[in-house]
Trainee: 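Please see the structure below; I have some questions.
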There are 2 protein chains.
Amino acid sequence: MRTVNPEQHARKRAAILESAAVEFAEKGVDGASTAAICRRAGIGSGTLFHYFPTKNALFHALFADDLATNTEACRRALADRDPASGLDSLVAHLVSELGDPLVPGLAAAAMLQVNRDPKFAALMAADERQTLTTLTALLDRMAEDGADLPFPPARVARWVASIIDSLFLSAMEEDFDPESHLRELRRITAWLTGRA
Amino acid sequence: MRTVNPEQHARKRAAILESAAVEFAEKGVDGASTAAICRRAGIGSGTLFHYFPTKNALFHALFADDLATNTEACRRALADRDPASGLDSLVAHLVSELGDPLVPGLAAAAMLQVNRDPKFAALMAADERQTLTTLTALLDRMAEDGADLPFPPARVARWVASIIDSLFLSAMEEDFDPESHLRELRRITAWLTGRA
DNA sequence: GTCTATATTCAGATAGAC
DNA sequence: GTCTATCTGAATATAGAC
């Protein structure tokens, strides 16, 4: 009897997700066709629906996989003895996907999906909450250590998160320069976190 | 012979655009159906396609109308004798649509459309360029007047624009408070423009 | 109303593990 | 050799632009 090979299954699943990411980033959830995803992945349509029950589930999986790495980054940041250095590492992680050219398109697709798929909205909200809670906890500790925050910790946390999000919008521009953007982001974050 | 009544034509056109905005914001360009737009506007599909040749043209018109008001706001900001006050008025204008609940959805739809419709991309790029050029010119004058900018004027301009964009992302959150957000935005902008 | 596009299904074909 | 994971692609049904 033939048995299931988990490693092979995972590899193919990842390959399908990668093809799907390209299509979704380019055309959004409604604009992307399962046929195009299959063509790009080099599989028949039956195979796609063997791995994922619907097109929406495919989109969902794309983001769920990412949430796990975020959780881990938050855990590590909180474990850091120095809250400022924990915050820096968390910001670095949040920014780490900036180089991926698919990210702006996927972000736009996700924004639309939040209004339409409540389960997807819950996934995104949980991710957001986790990031904000972690940032706030770190900023609380920094404030206790005497940092001079321009706003209360929870509000600073929100601004840090917002400004990072806005970077992903900027990443769409033709003359985007990650190098100087990141340098400037660190300067702005330093001011926001009372380390000007 | 029956002649066209330009005023009535404009009124109906605006009504169609308003219905379309709701649908596009909720479902994106591909997810929105012309049938739903017609239903919402209380017109037949024939009428819709009398006013706009295609669904894409309808989406296009939604943004083109806005661009004119932006041009005017830029003109006024540059005409201000005091560059700092001109900058404040331009920022106020850019932020003025924050209360509109449709804006986040429309922004997401627009981001996706930029990857797909080159004409639409050109429209958005022109708008962006206009805003950045104006901000940069104002910041140049402020720097000449002795303002202590943290980065070169063109970079500060980009950050101001990015941070305003990020406000529109925040506006999607459930506990969004325009009041404190705007107050904090002014504080951040003040720092970025050398008026800390 | 017409005509095209497309998500999903299904009835098998293929082939690896025992 | 058998059993089942894996895959295929035509068929269906529905929706939606115009």
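Everything numeric in this text was worked out from a predicted model, so none of it was measured.
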Trainee: Ring-plane angle category for A:His60 and A:Phe120, please: parallel below 30°, perpendicular beyond 60°, tilted otherwise.
Mentor: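 Geometry flag for A:Phe120 against A:His60: perpendicular rings.
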
Trainee: Expressed in angstrom and rounded to an integer, what is the separation of B:Arg39 atom CZ from D:dA17 atom P?
Mentor: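 My rounded result for the distance is 11 Å.
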
Trainee: A:Arg13 has an atom CZ; how far is it from atom P of D:dC7, in whole Å?
Mentor: 14 Å

Trainee: Below 4.0 angstrom from OP1 or OP2 of D:dC18, is there any side-chain N or O of B:Ser45?
Mentor: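 Negative; the distance criterion is not met.
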
Trainee: Do any of residues 49-58 of chain B sit with a heavy atom less than 4.0 Å from DNA chain D, and if so which?
Mentor: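 Within this stretch, B:Phe49, B:Thr54, B:Lys55 sit under 4.0 Å of the strand.
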
Trainee: Name the atoms and distances for all side-chain donor-acceptor pairs under 3.5 Å in residues 91-99 of chain B, with sequence neighbours left out.
Mentor:
unit_1	atom_1	unit_2	atom_2	d
B:His93	ND1	B:Asn70	OD1	3.4
B:Ser96	OG	B:His93	O	2.6

Trainee: Would you list the pairs meeting side chain to side chain donor-acceptor pair (under 3.5 Å) in which at least one residue belongs to residues 107-121 of chain B, sequence neighbours left out?
Mentor: B:Asp30-B:Arg116, B:Asn56-B:Gln113

Trainee: Which residues satisfy the side chain to side chain donor-acceptor pair (under 3.5 Å) test with A:Arg187, sequence neighbours excluded?
Mentor: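 Scan of A:Arg187 (side chain to side chain donor-acceptor pair (under 3.5 Å), adjacent residues dropped) gives none.
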
Trainee: Looking only at side-chain N and O atoms, does A:Lys12 come under 4.0 Å of OP1 or OP2 in D:dA5?
Mentor: no

Trainee: Using salt bridge (charged side-chain N to carboxylate O under 4.0 Å, His left out) as the criterion, list what pairs up with A:Glu184, not counting sequence neighbours.
Mentor: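 Only B:Arg155 meet the salt bridge (charged side-chain N to carboxylate O under 4.0 Å, His left out) criterion with A:Glu184.
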
Trainee: Quick one: label A:Ile43 by what it contacts on the DNA or RNA (base, sugar-phosphate, nothing), any heavy atom closer than 4.0 Å.
Mentor: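 Here A:Ile43 touches the backbone only, sparing every base.
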
Trainee: Without placing hydrogens or testing angles, list every side-chain donor-acceptor pair under 3.5 Å for residues 38-50 of chain A, not counting sequence neighbours.
Mentor:
unit_1	atom_1	unit_2	atom_2	d
A:Arg40	NE	A:Glu23	OE2	3.1
A:Arg40	NH2	A:Glu23	OE2	3.1

Trainee: Sequence neighbours left out, what passes ring pair (Phe, Tyr, Trp, His ring centres under 6.0 Å) with B:Phe176? Give chain and number order.
Mentor: B:His181

Trainee: Would you say the side chains of A:Asp80 and A:Ser85 form a donor-acceptor pair under 3.5 Å?
Mentor: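 Yes - a donor-acceptor pair under 3.5 Å links their side chains.
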
Trainee: Polar pairs (N or O, both sides) under 3.5 Å between protein and nucleotides 1-3 of chain D?
Mentor:
none

Trainee: Tell me the interatomic distance from A:Leu48, atom CG, to C:dA7, atom P, rounded to whole angstroms.
Mentor: 10 Å

Trainee: Mind calculating the distance between CD1 (A:Ile37) and P (D:dG9) to the nearest angstrom?
Mentor: 17 Å

Trainee: My understanding is that only residues two or more places apart in sequence, or in another chain, count here; which of them pass side chain to side chain donor-acceptor pair (under 3.5 Å) with B:Arg76?
Mentor: none

Trainee: State which residues pass side chain to side chain donor-acceptor pair (under 3.5 Å) with A:Glu128; sequence neighbours excluded, sorted by chain then number.
Mentor: none

Trainee: Would you jot down, in residue-number order, the residues of residues 20-36 of chain A having a non-hydrogen atom under 4.0 Å from DNA chain D?
Mentor: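 Correct list: empty, so none.
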
Trainee: Nearest to the side chain of A:Thr3, which nucleotide is it out of C:dC18, D:dT6, D:dA10?
Mentor: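 When the side chain of A:Thr3 is considered, C:dC18 is the closest of C:dC18, D:dT6, D:dA10.
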
Trainee: Which residues pass the ring pair (Phe, Tyr, Trp, His ring centres under 6.0 Å) test with A:Phe24, sequence neighbours left out?
Mentor: A:Phe59

